[in-house]
Amino acid sequence: MPDQPADRRPPTDPARPGAPDAGAPERRDFIREIVAADIAAGRVAVPVTRFPPEPNGYLHIGHAKSICLNFGIAAEFGGRCHLRFDDTNPVKEEQEYIDAIVEDVRWLGFDWGEHLYHASDYFEQLYAWAIHLIERGLAYVDDQSPDEIRETRGTLTEPGRESAWRNRPAAESLDLFARMRAGEFPNGARVLRAKIDMASPNLNLRDPVLYRIVHASHPRTGDAWCIYPTYDFAHGQSDAIEGVTHSICTLEFENHRPLYDWLVEHLPVSHVPHQYEFARLNLTHTVLSKRVLLRLVREGHVRGWDDPRMPTISGLRRRGFPAEGIRDFAAMIGVAKTDSVIEVGQLEFAVRAVLNRTAPRRFGVLDPLKVVITNWPEGRVETMEVVNNPEDPAAGTRSVAFGRDLWIEREDFMEAPPPKFFRLAPGREVRLRNAYFITCDEVVRDATGAIAELRCTYDPATRGGDAPDGRRPKSTLHWVSAAHAVPAEVRLYDHLFSSPIPGATGADAFEDLNPASETIIRGAMLEATLAETPVGQTVQFERLGYFVRDPDSRPGMPVFNRTLTLRDTWAKVQARG
RNA sequence: UGGCGCGUGGCUCAACGGUAGAGCACCUGACUCUGGAUCAGGGGGUUCCAGGUUCGAAUCCUGGCGCGCCAGCCA
């Protein structure tokens with residue numbers, strides 16, 4: 001898969017933002033403060049966290065926030081972070097997702113060492129603990145149907161009603177539970193429920209379901225089981241088994257914490273973990289819900305989970321976003337309990353900051369307009385030494401061919417330029433970056449009257465881009481030698497959704513899909529070195545933006561995805577009119 | 001309507017009883033062989049509201065208001 005060496009920098013690197021910085025005033029979120037306090041008070045010696053994805057979809061930028069939080073805390077406080085698959089619902093989970101999750105967390109730059117776990121590793125133990133509860137009168141097998149259970153749960157304001165089976169003898173529940181495991185009953189026939197309080201104002205405590213019958217084969221345990229623990233019965237106990245000290249999850253689990261604590265308290269666990277909740281990430285102009293992302297894929301609004309428009313980790317990677325930029329973004333936005341929506345611009349800022357520092361500069365023309373240099377000898381070719389990255393002298397230089405026929409960007413020429421347009425126009429001189437000054441003498445039109453080519457003259461004294469007399473053109477254009485150009489397909493991307501908060505008006509979010517989220521350009525002309533750029537490598541096309549080589553590239557026809565444009569103040573001026 | 005949680009510039013977060021700050025965004029200027037980058041400066045806040053405690057409240061208390069989550073055998 002695409003990868004960039006810079007992304008392999010371990011997240012614990014103290015030079016990175018987000019890592020503890022000796023000397024600087026400590027700025028930490030409320031969770032890090034809790035961890036620090038627990039360590040200071042001796043409640044915790046080695047903090048242990050975990051990232052617990054359910055393999056029912058691909059990871060997205062919201063998960064990246066959680067991954068950075070959990071692995072970040074472990075690294076900063078000398079603890080460890082486990083990768084644990086929360087695989088308790090075989091009807092939704094697939095091996096493909098497991099593999100993708102492993103790859104994505106690694107790509108983000110994190111390492112769980114030996115600590116790869118699955119809730120399914122604990123099925124036998126969880127089963128034994130279920131029996132433990134039954135024996136103590138703390139759980140019972142309920143014969144009610146799903147509908148009956150719903151009807152007797154009560155409402156937000158009314159208490160529920162106890163099941164007729166709630167007080168059946170433990171021995172009977174034990175027998176039934178064993179027969180549930182043995183496969184004697186169909187899906188939905190019976191469940192195991194905790195016996196807590198049907199009148200609790202917290203609905204999660206109204207005799208929550210602990211086990212349900214699901215005749216489905218599991219990606220890891222196959223057909224060994226036909227009963228599966230619910231999230232509530234698996235999560236806290238898995239944390240206990242693994243010695244997790246700080247079980248960090250999102251706000252919607254806050255209401256589950258009393259149940260989490262109840263289970264851990266009533267089970268003979270050797271370690272008591274604690275749950276803390278933070279606000280999940282929301283981003284403008286996209287959607288971060290596995291359900292909706294799955295729909296985008298299934299309904300074909302995008303080409304797959306890794307479509308460059310998707311906010312998935314794999315989509316961002318294919319889009320050319322470096323892992324480091326994603327980590328920096330996570331550090332920048334912080335962690336709190338306030339529901340929030342972050343402007344995508346903030347993510348883009350973090351990504352541009354990394355790319356500006358690391359992306360090699362190249363020339364690429366997206367919408368080519370032919371320029372013929374009339375005073376340049378036919379057939380003559382010169383080689384220009386061009387700097388690879390002005391931000392990084394160590395990146396060196398490369399050779400780029402220059403000749404009589406060139407391609408420039410069509411939008412870099414205007415026959416009747418408005419006042420603040422600095423680029424090429426009839427009679428005007430501009431600089432071709434790292435090459436020569438040229439002056440436009442003549443506009444050649446085709447039969448339809450459209451501009452077909454520009455006839456220009458160059459100044460031989462300006463080789464390399466400087467004039468001996470010190471004159472300075474108001475603008476510098478990128479260019480590609482027509483004789484050496486590599487034709488390419490370039491895919492331009494924009495926000496997947498037009499509105500900042502898709503579906504906010506109450507309408508279906510899909511109504512807000514941006515029809516222009518992808519624009520495919522087939523006639524782009526790139527400098528020759530771009531033919532060898534590896535898939536996954538992000539470069540900067542000077543003056544245009546960052547572009548990454550896509551795996552769809554074919555021999556002789558590279559495909560590049562636009563990661564992001566450069567900051568463009570001219571566009572801003574134009575937009576203002 | 002019950003429970004839990006949350007309200008600080010446009011956005012995200014700090015300030016932990018002692019003059020409300022930062023990053024992003026926005027605007028100006030400088031510089032520049034990317035209209036990029038960089039640098040310098042600027043505008044913008046009755047800290048949801050109302051009472052109270054205190055010499056002093058974004059912070060503590062009370063009461064409102066607003067928003068989010070919860071009635072899956074999803075996680």
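Per chain, numbering begins at 1; letters A, B, ... match sequence-line order. Here the structure is a predicted model, which is why all the values come from computation and not from measurement.
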*Roughly how far apart are Asp207(A) CG and Arg153(A) CZ, rounded to 0.5 Å?*
10.0 Å

*Distance, nearest 0.5 Å, that separates CZ of Phe51(A) from CG of Asn70(A)*: 8.0 Å

*Centre of Trp225(A)'s six-membered ring, under 6.0 Å away, within 45 degrees of the axis: is that where NZ or CZ of Arg181(A) sits?*
yes

*Would Glu54(A) and Lys290(A) satisfy salt bridge (charged side-chain N to carboxylate O under 4.0 Å, His left out), going step by step from the backbone distance to the final call?*
CA-CA 10 Å; Glu54(A) 183 193 11; Lys290(A) 279 201 216 170; 5.1 Å; no

Distance check, [atom1] atoms only: [N] and [M], in whole angstrom units.
N      : M      : atom1 : answer
U38(B) : G43(B) : C1'   : 22 Å
A71(B) : G64(B) : C1'   : 27 Å
A30(B) : C24(B) : C1'   : 23 Å
C4(B)  : A20(B) : C1'   : 30 Å
G17(B) : C60(B) : P     : 9 Å
G52(B) : A22(B) : C1'   : 33 Å
C26(B) : U62(B) : P     : 43 Å
G9(B)  : A25(B) : C1'   : 11 Å

What's [X] touching, base or sugar-phosphate or nothing? Going by heavy atoms closer than 4.0 Å.
X         : answer
Gly465(A) : base
Phe329(A) : nothing
Glu277(A) : nothing
Pro159(A) : nothing
Val341(A) : sugar-phosphate

Partner nucleotide, any strand, of [N] [Watson-Crick/G-U, under 3.5 Å]:
N      : result
C73(B) : none
G36(B) : none
A50(B) : U62(B)
C67(B) : G5(B)
C11(B) : G23(B)
G18(B) : C55(B)

[X] [atom1] to [N] [atom2], straight-line distance once rounded to whole Å:
X         : N      : atom1 : atom2 : value
Ile342(A) : C11(B) : CD1   : P     : 12 Å
Phe547(A) : G36(B) : CZ    : P     : 17 Å
Asp412(A) : G36(B) : CG    : P     : 14 Å
Phe422(A) : G36(B) : CZ    : C1'   : 15 Å
Phe349(A) : C26(B) : CZ    : C1'   : 14 Å
Glu158(A) : G3(B)  : CD    : P     : 15 Å
Arg206(A) : G2(B)  : CZ    : P     : 13 Å
Leu69(A)  : C13(B) : CG    : P     : 12 Å

_Let's see if you can work this out: which of G35(B), U32(B), A37(B) has an atom nearest to the side-chain heavy atoms of Arg567(A)?_
A37(B)

_Closest to the Arg361(A) side chain, choosing from G35(B), G36(B), G7(B)_ = G36(B)

*Compare all side-chain heavy atoms of Leu288(A) with those of Ile61(A) and state whether any distance is below 4.5 angstrom.*
yes

*Does Val400(A) reach the side chain of Trp479(A), with side-chain heavy atoms less than 4.5 Å apart?*
yes

_Under the ring-ring contact (aromatic ring centres under 6.0 Å, His included) test against Phe253(A), which residue among Tyr276(A), Tyr260(A), Tyr231(A), Phe278(A) passes?_
Tyr231(A)

Do [X] and [N] share a donor-acceptor pair, side chain to base, under 3.5 Å?
X         : N      : value
Glu391(A) : G36(B) : yes
Arg423(A) : G35(B) : yes
Glu343(A) : U12(B) : no

*Which glycosidic conformation, syn or anti, is assigned to G72(B) if syn requires a torsion within 90° of zero?*
syn

_Option among Arg84(A), Gln275(A), His274(A) that satisfies the side chain to side chain donor-acceptor pair (under 3.5 Å) test with Asp239(A)_ = Arg84(A)

*asked:* Tell me whether the side-chain N/O atoms of Thr569(A) come closer than 4.0 Å to OP1 or OP2 in G36(B).
replied: yes

*Just to confirm, is there a sub-4.0 Å distance from OP1 or OP2 of C13(B) to any side-chain nitrogen or oxygen of Lys337(A)?*
no

_Using heavy-atom distances to pick each residue's nearest nucleotide on RNA chain B, tell me which of Ala279(A) and Asn389(A) is more 5'._
Ala279(A)

*Pair Glu93(A)-Arg220(A), salt bridge (charged side-chain N to carboxylate O under 4.0 Å, His left out): steps then yes or no*: CA-CA 10 Å; Glu93(A) 296 155 10; Arg220(A) 284 183 59 82; over 6 Å; no

*Letter per nucleotide, 5' to 3', of nucleotides 63-75 of chain B [B base touched, S only sugar-phosphate touched, - untouched; heavy atoms, 4.0 Å]*: -----SBBBSBSB

*So, for Ile73(A) and Thr49(A), which heavy atoms are closest and what is the spacing to 0.1 Å?*
CG2-CG2, 4.1 Å

